[in-house]
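This report concerns only the one structure given below.
Both backbone and side-chain heavy atoms feed into the values below; hydrogens, waters and symmetry mates do not. First the proteins, then the strands, lettered A, B, ... as listed; each starts at 1.
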There are 2 protein chains.
Amino acid sequence: MTPRTERISADERREQILAAATTVFGELGYSAATTDRVARAAGISQPYVVRLFGTKEQLFIETLRRTLGRLLAAFRAALADADDAGDVAADVAADADGKAREARLGEAYLELVEDRGTLLTLLHGFMMGSDPVIGPVARDGFLQVFRMLRDEAGFEPEQIHRFLADGMLINTLLASGIGLAAKGDRDAAELMDCTFGSHVAEVLERASA
Amino acid sequence: MTPRTERISADERREQILAAATTVFGELGYSAATTDRVARAAGISQPYVVRLFGTKEQLFIETLRRTLGRLLAAFRAALADADDAGDVAADVAADADGKAREARLGEAYLELVEDRGTLLTLLHGFMMGSDPVIGPVARDGFLQVFRMLRDEAGFEPEQIHRFLADGMLINTLLASGIGLAAKGDRDAAELMDCTFGSHVAEVLERASA
DNA sequence: GTCTATAAGTTGATAGAC
DNA sequence: GTCTATCAACTTATAGAC
């Protein structure tokens with residue numbers, strides 16, 4: 001007889017819960033999200049979620065850390081790709097090289113963004129700067145991204161500025177649902193088109209769904 | 001004998017509550033904020049807040065609308081100033097004129113941002129795009145800003161893009177508390193400096209406090 | 001115009017069984 | 001490794017007095 005819930009290792013279960021938590025926290029934010037929603041999204045009981053992570057706060061922190069880790073990993077993978085491609089034309093000007101890396105990282109970001117929960121969890125984390133325990137985690141993550149852009153991607157200050165600013169605008173358009181609204185609203189469509197080309201606009205529309 | 005709470009007109013009281021709500025919603029977000037916190041910030045009882053606004057959701061919507069209205073009003077005032085100044089040199093190239101307006105609006109935004117609650121309330125609103133009743137209000141507000149930049153400020157598409165992107169980055173740096181952290185953290189200071197000049201960085205530091 | 005009292009619902013967390 | 005039962009705290013909203 002199949003048990004109601006399959007017994008799997010604690011590590012697998014934790015990962016499963018963190019994935020579910022990313023969706024739930026992303027959709028509802030930290031305080032509107034409930035451990036019960038996370039539990040049901042993971043297909044287990046609410047007390048078991050608490051048992052495994054101690055507190056809701058701890059669950060969010062681990063979810064946030066995991067998401068930040070994935071973001072950095074995706075960027076690093078994109079950089080590695082960019083380096084490979086760069087070998088072919090190793091002599092191109094450093095400036096063009098920087099642009100190429102920027103494009104690669106941008107693409108990597110868009111791919112991540114297609115998972116709505118991932119990015120919204122990050123955003124919600126950044127919004128909680130005044131929380132004494134979550135705030136430092138979020139800031140630390142942001143600074144890690146900054147250092148990566150500066151030290152590993154070799155971005156110029158102005159490049160960093162633009163990259164981060166565009167990322168935040170994408171986040172906002174996504175979170176507010178303007179990406180989706182663009183289908184039916186003329187101004188929204190024009191806004192999407194003028195802030196980012198039609199390419200990005202399409203990705204955001206898909207991601208909004 | 002002075003009554004516990006001074007009796008004032010309902011309109012005055014509503015405005016007072018909305019101001020308090022802006023601070024509380026900004027600091028805690030929609031769902032972590034309680035009607036009790038708002039009441040205490042306004043110096044009245046919790047049931048009275050509910051009595052005047054019907055529901056917490058309605059209170060937030062009115063708070064959000066008021067904040068969006070103030071944002072637009074501040075931008076329009078800045079544009080009026082810019083036009084006055086422009087008269088003196090009415091013959092300058094349209095391009096330079098656009099830049100001047102951009103600078104004015106940027107300054108106006110920074111002034112607003114100095115009230116932490118105002119901007120964070122907006123941000124929280126934008127994050128609630130998937131809420132069936134709050135989402136539309138937030139999107140509508142965003143689009144109003146877009147139309148104002150396009151039709152009243154006469155911004156070029158790329159100008160709109162940059163203006164919005166920079167605004168969102170400022171919001172994030174503020175909300176996450178990196179602006180404040182810059183005082184003690186070398187990387188945070190460099191981040192602030194490289195994304196925005198030292199002028200803006202100083203304002204953001206003040207606003208973070 | 002404003003309060004006190006309180007009902008009713010939700011949610012995080014604990015205890016203990018299997 | 002996972003569940004059921006359940007408590008305690010909190011929060012929105014209502015009723016009714018002043």
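For the pair B:Arg37 CZ and D:dC10 C1', the interatomic distance rounds to 13 Å; values are reported in whole Å. Put simply, CZ on B:Phe60 is 14 Å from P on D:dT12, counting in whole angstrom units. In this structure, CZ of A:Arg13 is placed 8 Å from C1' of D:dT2, rounded to the nearest angstrom. Rounded to an integer number of Å, the gap from CG of A:Asp36 to C1' of D:dT4 is 14 Å. The interatomic distance linking B:Arg40 (CZ) with D:dT11 (C1') rounds to 12 Å, in whole Å. What separates CD of A:Glu6 from C1' of D:dC3 is a distance of 16 Å, to the nearest Å. The nearest whole Å value for the distance from the OH atom in B:Tyr48 to the P atom in D:dA15 is 18 Å.
A heavy atom closer than 4.0 Å to some atom of DNA chain D occurs in no member of residues 14-32 of chain B.
Side-chain contact between A:Thr5 and A:Arg13 is present, with heavy atoms from C-beta onward closer than 4.5 Å. Side-chain contact between A:Glu102 and A:Arg162: present, with at least one pair of heavy atoms (C-beta onward) separated by less than 4.5 Å. Counting heavy atoms from C-beta on, the side chains of A:Asp166 and B:His161 come closer than 4.5 Å.
Proximity note for B:Thr5 (side chain, C-beta onward) versus D:dG1, C:dC3, C:dA13: the nearest is C:dC3. Checking C:dG1, D:dC3, D:dA13 against the side-chain heavy atoms of B:Arg7 singles out C:dG1 as nearest. For B:Val50, the side-chain atoms get nearest to D:dA13 when compared with the rest of D:dA13, D:dT4, C:dC3. Taking the side chain of B:Thr34 as heavy atoms from C-beta on, and the options D:dT11, C:dA13, D:dC3, the nearest nucleotide is D:dT11.
Counting non-hydrogen atoms under 4.0 angstrom, B:Ala33 reaches the backbone sugars and phosphates but no base. Within 4.0 Å of B:Ile44, counting heavy atoms only, lie sugar-phosphate atoms of the nucleic acid but no base atom.
Taking all atoms of both residues into account, the shortest heavy-atom contact from A:Thr121 to A:Gly26 is OG1-N, 3.5 Å. Taking each heavy atom of A:Ala74 and A:Ala108 in turn, the nearest pair found is O-CB, 4.1 Å.
OP1 or OP2 of D:dA13 has not a single side-chain nitrogen or oxygen of B:Arg51 nearer than 4.0 Å. Contact annotation: A:Thr55 side-chain N/O to C:dG12 OP1/OP2 distance is not under 4.0 Å. Proximity of A:Thr35 to the phosphate of C:dA13: no side-chain N or O atom is located under 4.0 Å from OP1 or OP2.
In this structure, B:Glu190 pairs ionically with A:Arg150, as a charged nitrogen and a carboxylate oxygen lie closer than 4.0 Å. Comment: B:Glu62 engages B:Arg14 in a salt bridge, judged by a side-chain N to carboxylate O separation of less than 4.0 angstrom.
Of the two residues contacting DNA chain C, namely A:Pro47 and B:Ile8, the nearest-nucleotide position lying further toward the 5' end is that of B:Ile8. Mapped onto DNA chain D by nearest heavy atom, A:Gln46 and A:Leu52 fall at different nucleotides, with A:Leu52 at the one closer to the 5' end.
B:Phe25 does not carry B:Lys56 over the face of its six-membered ring by the limits of under 6.0 Å from the centre and within 45° of the normal.
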